[in-house]
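Written below as C-alpha cells is the structure these notes are about.
These numbers come from the heavy atoms of this one structure, side chains and all, not from hydrogens, waters or symmetry mates. Throughout, protein chains are lettered first and strands after them, A, B, ... in sequence-line order, and every chain is numbered starting at 1.
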There are 2 protein chains.
Amino acid sequence: MDKPEKEITITDVARQAGVSMATVSRVVNGNNNVKETTRKKVMAVVDKLHYRPNAVARGLASKKSTTIGVIIPSMTDLLYANLAKGIDDVASMYKYNIILTSNNKGIISEQQMFSDLLAKQVDGIIYMGEKVSADLYKEINNSRVPVVFAGAIDDSGKIPSVNIDYKTAVRDVVQLLINNGNRQVALVADDLSNSINGKYRLTGYREALEQAGLTYSSNNVFETMYNLQAGAAVWDVIHESGATAVYVANDLLAAGILNAATASGVKIPEDFEVITSNNTILCEVTAPRMTSIALPLYDIGAVAMRMLTKLMNNEEVENIDIKLPYSLIKRGTTK
Amino acid sequence: MDKPEKEITITDVARQAGVSMATVSRVVNGNNNVKETTRKKVMAVVDKLHYRPNAVARGLASKKSTTIGVIIPSMTDLLYANLAKGIDDVASMYKYNIILTSNNKGIISEQQMFSDLLAKQVDGIIYMGEKVSADLYKEINNSRVPVVFAGAIDDSGKIPSVNIDYKTAVRDVVQLLINNGNRQVALVADDLSNSINGKYRLTGYREALEQAGLTYSSNNVFETMYNLQAGAAVWDVIHESGATAVYVANDLLAAGILNAATASGVKIPEDFEVITSNNTILCEVTAPRMTSIALPLYDIGAVAMRMLTKLMNNEEVENIDIKLPYSLIKRGTTK
DNA sequence: TTGAAAGCGCTAACAC
DNA sequence: GTGTTAGCGCTTTCAA
C-alpha cells in the first residue's frame, strides 16, 4: 500500500530525464521526430516513475478526448446489450473509451443525456433509441461532433445510421406464415409509435397481406407493455381473434405469448405459429425454441462504431444509410 | 443546421454579462455567494448563448471528473447487465457519468483497463469480475481513488464489496434438494477456479451433503464451458452419473441442462430437479420455469455505487463487506 | 532534433 | 459579493 503522495506528471519526467516537456510529450505520443537515444532515455524514466499521462489535461490541450458517448435505451435488454457489445469491441480496437448513458427511469431526457455527453467533450456519439424527439434532433444537428444511429431509424435521412431492412424482413416472414396456410396472422409489438415498428414493420406486414390477397385489419395488430406478463395476456386476445400465427416485434413478448399458448394446451407449431424478431438467447431457451429473424446485432453495433471512427477522422464515408443483411432462423415455432 | 463557429466559453459569458469569470463560475456551480440580481443576469446570458461548461477543463482545474469507471466481464451476460443497471441508476442520481469497459475478447487485461480508467481521471471505480489477478490487486492498492467490488469477492478482505452469502445460499438449496428425496445431487459451474464458485458455492454444497450424512464425491461436480451447448452436453453426463437433481451456478447453463433433460424425455421436476443461481429473465422463459436463488442483482449494483459515492466524499462507511439478503424463488423445476 | 512558451477553459485561493 | 490571478497537466506552434 504505497500510495504515492502526488500523481507524477510530465514535468517530473522531463526533469528527471533532462529534457523538455515537449520532448516527453513527443515520445509518449509516438512522434517520430525524436532521436532514438533520447527516446530510450525518456522511456526509462517513464517506466521507472510509472508515469501515466493525464487524459483530462491532454483532452483540454488537444481538444480530443478519445472517448465517445453511447446512448442506450436499456442495458438489460438483450437487443441493446448485443449492439453495445459490437460497439464496445471496435471502440476498444480504436482505443476509444465509452461513456454509456441509459435512459433507465426516464428521469433524464435523451436531449439532456446528449448535452451532458457533449459537455464531457466526447469525440462522437452513437445513439440507439426508438424515437427521436424534435429537441434531440435539434441537439444533434447543432452538434459539432459526429453522431451515428445504431439500430435506430433517422426519419430525416440525414444522420448516418446502421440498420437492417425491417420492412422487407417482416414482409418475408409474414409471407412465410401465410404460405404455411395461415389465413389470419397477428402482429404484436410493444410500441407502435416508433418508426421501426409503426412505420417499417407494420408496412411490411400490410404488404405481405396485400400480396396474398388478404385484407388488413387493425383487429389483428396488438400493442402491449414490454414484459412477459403482457405477452401472456395478449395471447388470450390473439387466440380469441381467430389468428393462427403471429409475428412479434421482440423476443420477450414472443416468449410470453409462446409460453401462454403452450400452457393453454395449444400445440406449437401445429396449431399456432410464432416468429419473433431479434434472435437473442431467449429464442434458444424457450420450448420449443423460437423461429426468428436474425438481426446481425453485434455487426450493427460494430459497423456503426467503425463508421463513427471514420467520421471522427474526417474520412470519406460513401454510404450514410447502411442496411446490413439479415436472415431467418427457423426453429420450433414454425412448421 | 447552424453549427456555431466556436464553442462558447466562460469568458464569453463573463464578457457579455459584464462580470468576471469567477462570478460566472459561481452561478454555474450553484455557489450561494452571489447576489440574486447578478445571478439572474448571468443566467440570462448563459441561456441566450447556450453556454455549456466544458467538463474537461473543469476536471483539470478541480481534479474531479464526476465520472466513474466500471469494469464488467460481459455486457451481454444478464447477470452483469442487471448489476450495471443498479450502478447506472444511482450513478445518474448522483450526477456521475460512467465509463464502461468490458473485457470482451480478453485482448486487453483488466489491469490495463484499470490503468486506463485512472488515466481518464475517474473519481472512483466499480469492479465486477470473477478473478482478481495479483497485478490487478497491486493497481487497486496503489490507486488513489476508491474501488468497490460488486458481485465480486475480495479474498484479501480489504476492498469494499457488495455480495450475498453465496455459501449459505447454496447450502440451503442443496439441503432443499436433499430433503426432497434426492440422494445424489450434482453441482455444475462454468468455472470452478474463481472464488464465488470454487470457494463459496462449492463449500456450501459440501456442507449440505455433510449435514445430511451424504458423502461428497468429485464425480458429482461438473465444470463446463459457459454456453447453452455445454449445458446440453453436460446433461448426459449428469444423467448417467445417477444424480437426480442439480444445482447450477448460472442460468444459461441451467437452461441448457433443463432443455436437454426435457428433450431426452425426463420429466421435470418429477424425475429430476434443477435449481439455478441468478434469477435472470431466462428463468421465467424456460418450460417449466426455473427455480432459482434470487440474487438482488439490481440492489447489489445500487448499493455498491452508493458506497462508492460515500467513499469518494470521504464519508464514513461503517461496513466494508456488505452481504445483501437473498431469497429462493420456487418455480417449476423443483417439487 | 529539441526547447520555450502560449494557451486549452475552468476553479480556487486571495484580495478588495 | 465580486474580481484578479495563478495554476491544473498537457499539446502545439514557433524558433533555434
*Under the side-chain hydrogen bond (donor to acceptor under 3.5 Å, both in side chains) rule, what do B/Lys120 and A/Thr66 come out as? Steps first, then yes or no, please.*
CA-CA 10 Å; B/Lys120 296 263 173 170; A/Thr66 60; 3.0 Å; yes

*Give one of base, sugar-phosphate or nothing for B/Ser62, where a contact means two heavy atoms less than 4.0 Å apart.*
sugar-phosphate

_Residues, nucleotides or ligands: over 12 heavy atoms within 6.0 Å of B/Glu36 CD_ = yes

*Could you walk me through whether A/Glu7 and A/Asn54 pass the side chain to side chain contact (heavy atoms under 4.5 Å, CB included) check?*
CA-CA 9 Å; A/Glu7 203 71 52; A/Asn54 180 325; over 6 Å; no

*Phosphate OP1/OP2 of D/dC10: any A/Lys63 side-chain N/O under 4.0 Å*: no

_Give me the atom names and distance for the closest heavy-atom approach of B/Ile125 to B/Leu308._
N-CD2, 3.9 Å

*Euclidean distance, atom NZ of residue B/Lys64 to atom P of C/dC10 [Å, nearest integer]*: 18 Å

*State which of D/dT2, C/dT2, C/dC10 makes the closest approach to the side chain of A/Lys35.*
C/dT2

*C/dT2 OP1/OP2 closer than 4.0 Å to side-chain N/O of A/Thr38*: yes

_Nearest whole Å is fine: how far is D/dG9 P from B/Gln121 CD?_
9 Å

*asked:* How many whole angstroms separate atom CD1 of A/Ile10 from atom P of C/dG3?
replied: 12 Å

*Could you state the atom-to-atom distance from NZ of B/Lys40 to C1' of D/dT2 in whole Å?*
19 Å

*Where the side chain of B/Arg26 is defined as all heavy atoms beyond and including C-beta, which of C/dT11, D/dG3, D/dT11 is the nearest nucleotide?*
D/dG3

*asked:* For D/dT11 and A/Asn29 - does any side-chain N or O of the residue sit under 4.0 Å from the phosphate oxygens OP1/OP2?
replied: yes

*Could you check how far CG of B/Asp12 sits from P of C/dG9, rounded to whole Å?*
9 Å

*For the side chain of B/Met21, counting heavy atoms from C-beta on, which of C/dT11, C/dG3, C/dT2 is nearest?*
C/dT11

_Measuring to OP1 and OP2 of D/dG9, would you say a side-chain N or O of A/Arg58 lies under 4.0 angstrom away?_
no

*asked:* Can you give me the closest heavy-atom contact between B/Ser20 and B/Ala14, atom names plus distance?
replied: C-CB, 3.8 Å

_Does A/Val56 reach a base, just sugar-phosphate, or nothing at all? Heavy atoms under 4.0 Å._
nothing

*B/Glu7 CD to C/dG9 P: how many Å, rounded?*
9 Å

*OP1 or OP2 of D/dG9 under 4.0 Å from side-chain N/O of A/Thr11*: no

*Measure the distance from CZ on A/Arg144 to C1' on C/dC8 and round it to the nearest whole Å.*
14 Å

*Compare side-chain N and O positions of A/Thr23 against OP1 and OP2 of C/dT2 and report whether any pair is under 4.0 Å apart.*
no

*What is the distance from CG of A/Asn54 to P of D/dG7, rounded to the nearest Å?*
18 Å

*Counting heavy atoms from C-beta on, name the nucleotide in D/dG3, C/dG3, D/dC10 closest to the side chain of A/Ala57.*
D/dC10

*If you check every side-chain atom of B/Ala22, which of C/dC10, D/dT11, D/dT4 has the closest atom?*
D/dT4

*May I ask you to say what B/Asn33 touches in the nucleic acid, namely base, sugar-phosphate or nothing, with a heavy-atom cut-off under 4.0 Å?*
base

*Separation of B/Thr67 OG1 from A/Ile99 CD1 (nearest 0.5 Å)*: 5.0 Å

*If you find the nucleotide of DNA chain D closest to B/Ser20 and the one closest to A/Ala55, which residue's nucleotide is nearer the 5' end?*
B/Ser20

*Would you mind telling me which of C/dC10, C/dC8, D/dT11 lies closest to the side-chain atoms of A/Leu60?*
C/dC8

